[in-house]
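Just so you know, these numbers use all the heavy atoms, side chains as well, and skip hydrogens, waters and symmetry mates. Each ligand, and each atom within it, is numbered from 1 in the order the structure gives. Just so you know, these numbers come straight off a predicted model, no measurement behind them.
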Amino acid sequence: MKVVEFIWYFFLLFDNLLVSCSELNLVEDYQKLTERSLLWGPYRPNAYFGVRPRIPHSLISGLFWFNSDNLENINRIRHYCDQSLDFQGFGWTKYDPRIGGEQIFKDNEFGIDITTNFVKNENGNWAVKVKGVPRPGFENKSTSIVFYTGLESESDEDMLVSVEGQPPNGFDKGETVKLIGISKDFGEFEVSINDGPSTNVHKKLNKRKILNPSIDPSKTHYVSLNAPNDNVWKAADIFNILIQNSIKELASQFPGSDINPDPNSLLSLRNVDGFEGNLHFVQKIFTGAFEFDIIFNIENSEKKYSFDKLGSEIESSLVQFDEKFDRKFQLQAPFKGDSKYEIFSKEIISNLLGGLGYYYGDHLVDRDSEFNEETYEKIELKGEFEGPYELFTASPSRTFFPRGFYWDEGFHLIPLLEYDLDLTLEILKSWFNLIDEDGWIAREQILGPEARSKVPKEFQVQSPKIANPPTLMLVFMNLLEKLKKEQFNQFGGIDEPKQIIESLNEFSENDIFNGESHLKHPQLLIDYVKKIYPKLQKHYEWFRKTQKGELEEFDRFPRARDEAYRWRGRTYTHCLPSGLDDYPRASIPDVGELNVDLISWIGIMTKSMREIAELIGFDQDAAKYKEIESNIKQNIEDIHWSEDDKSYCDVSVDENDEDIFICNKGYITLFPFLLKQIEPGHDSFKHIIELLSDPEELYTNYGIRSLSKANEFYKTGEDYWRSPIWYPINYLILESLQYYGQSFKEDEKLYQLANQTYSQTRLNLVNNAYKQWKKTGYVYEQYDDTNGKPRGAKHFTGWTALVATIMTMPETL
Ligand SMILES: *[C@@H]1O[C@H](CO)[C@@H](O)[C@H](O)[C@H]1NC(C)=O
Ligand SMILES: *[C@@H]1O[C@H](CO)[C@@H](O)[C@H](O)[C@H]1NC(C)=O
């Protein structure tokens, strides 16, 4: 028996044991502990600091700030991540969704660095320490900082009120604002906001500068009002309106007054209309450095947070993070042991994790419109609301794309798989739950009004005819590979199930903390896969059915009669479904087109389905997938390999319906290689490696460029995928070089070239991302192939976070 089969055999054995050991309730225990561990988090990544639980309509909190020395600054509130604001970077230096972490905002314009330290525990409590440190020259400037918390709810019994009511002139120095509440989700709870240490300086004004004692900026201002469900997220806009109302009211109260009010006073919150309700604002106005804390405690819980111990809780949370990170993410030479790369990789992964969001709500779907396959013009989709749905997902960019993207998500999960496997499975499950009756998942997940507010109208509607690269399946396969390896390390050589039964009993909170429950307890994984499998099957069938390409109709007779594919929904200039929007394809779209990247994706999807079926012992399905897998490989050769171009290429037809190859060398033509659809030993490798290593084609000092420099479309049009360097594809290139590397050894020259290309490209990618991060404070969506300079969206710690994974890859082939 081969090693792999041997291990699968053991999984099946566990599976049978599980039935008889059901009293262990492993699955239920795991779920309960996981829900608790991941309940609260900064799951509103579009806000600089926004906390919510993974529960629809519940307690939503956040922070915002601005300089209040100038009235105009009310329009420059820092609440939602905005890449046009002048920051020297922002985001997490350390963060783990099970522990908490530290975030820094380097606000150049207002001359202040703000730090938030967020901690949480498995009892469902959390706390945050907020600190501000002015830059030199800004010591006398005032910072107005607002914490808000609003209880959304579907139950009349839920409520949240201030213990002290609303003192009309605010709270005095040193006083804590205390809110108490009750919620159907977590019972009685308390939110307290202290006034920080005595070193804090509240903005003091001469009495003459204050029109009304209720807007004395040296006080802590507190106001509550009523905000319906799905409105608390607009807290900064609501704040803005409250301030405008207050100013209007003052103007009418003091017509023609010769008092010249200070902006800090006018920008102090007060309750003109005597509102009271579920949304609460606490505003503080400081001069110079400041610090204060916010604590959330569930009444009926152990391990409550307290103001006096918060400092040490924060310290130990950061130590915990460092330990987990060092154990999970081991950099390889030459980055290993170099603290500057360690800091970099921690920050990158922390920001990927900090992009995790929980979304709930409806989205717009157009199930009727057909694409015109005569004119290939862009059609306007008309959506109807469907849902509500929920999704737990990472995001490509907190400033630019704070929502779920199907194509990006698989790449987000590759590093997370190393860091916290259980978390990765939670995210995958959340995505797979969205697979509808037909097997479709919307490629962009814009759930609820908060997410929708960030998307222009014309991009809000999703169509069930459109696919997107199935990267989630790629992750699933990586996961199974990892599991085989780990299980082999753990159980290799053990031939007695007795020890396995013992391992069932050892299920602990520590496994949850480390995100390793599914590794230590394979029966958890089997249960997971069994639940998810029917959905995956539907999704797979939907993919093959809706994106099918034509064969007989165009007199094409490859070895396999059924495997050819075409992305639906392309236009003359774009193939958005492919994910590589403007990458050059056949210049005239045609129903006779066949896409080499798509067939490769379906190939890897099939492989993944086979491995999943094998894991749960669905042998007939596995055999069916195996056959499709090999058919696809044959057809990639028969249909897509162009002997003249020495490349895998798209196929289309000319005006006489004769086949023509469309060979724009670059990322698209690499796909059979990137997704491991080529059999080792194939002649094509030589041409692929030459393409990758040639500076006149794809090689650059900053990574592998998207389109060959020799191509006629190089750097033309939008130049989105026509030259820049993209990290996810570069990761796949390195990974495939590793995968095939040993098979090149028969050809010494080829091996040398592949090794050199691999080693140097890995260095180039890390060095350039690091250099640009150092310079600007951010990682980016893409990088220029001629000078390595950043391009596209800032703060792109979505798939560009793969640079951290690249640092963990071997130094050479
Ligand atoms: C801040 O105010 C103090 C006291 O008025 C003054 O001595 C100092 O020069 C000011 N600093 C700046 C940077 O304006
Ligand atoms: C692979 O490339 C690296 C970097 O150029 C080099 O140090 C190493 O010796 C090479 N390995 C082999 C086996 O050629």
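- Taking any N or O of Glu139, backbone or side chain, none lies under 3.5 Å from an N or O belonging to ligand 1.
- For atom 5 (O) of ligand 1, the nearest protein heavy atom is 4.0 Å or more away.
- In terms of heavy atoms, Ile104 sits closest to Thr115 at CG1-OG1, 4.0 Å.
- Given atom 3 (C) of ligand 1, the protein heavy atom at minimum distance is Asn140 ND2, 3.5 Å.
- Proximity to Gly137 (heavy-atom distance under 4.0 Å) selects the following atoms of ligand 1: 13 (C).
- Close contacts between ligand 2 and Ser759 involve ligand atoms 2 (O), 3 (C), 4 (C) [criterion: under 4.0 Å to a heavy atom].
- Annotation: atom 1 (C) of ligand 2 to nearest protein heavy atom, Asn755 ND2, 1.4 Å.
- Between His687 and Trp641, the ring-plane angle classifies as tilted under the 30° and 60° cut-offs.
- Protein heavy atom in closest approach to atom 7 (O) of ligand 2: Thr812 CG2, 4.6 Å.
- Going from atom CD of Gln677 over to atom NE2 of His640 covers 11.0 Å, rounded to the nearest 0.5 Å.
- For Gln83 (side chain) and Lys794 (main-chain N/O), a donor-acceptor pair under 3.5 Å exists by modelled atom type.
- Ring-centre distance between Phe744 and Phe685: below the 6.0 Å cut-off.
- If you look at Trp726 and Tyr667, their ring centroids are not closer than 6.0 Å.
- Within the structure, ligand 2 has Gln752 among the residues with a heavy atom less than 4.0 angstrom away.
- Side-chain N/O atoms of Ser246 and Arg270 include a donor and acceptor closer than 3.5 Å.
- Under the 4.0 angstrom criterion, atom 9 (O) of ligand 1 counts as lacking any protein heavy-atom contact.
- Inside a 4.0 Å radius of atom 14 (O) of ligand 2 there is at least one protein heavy atom.
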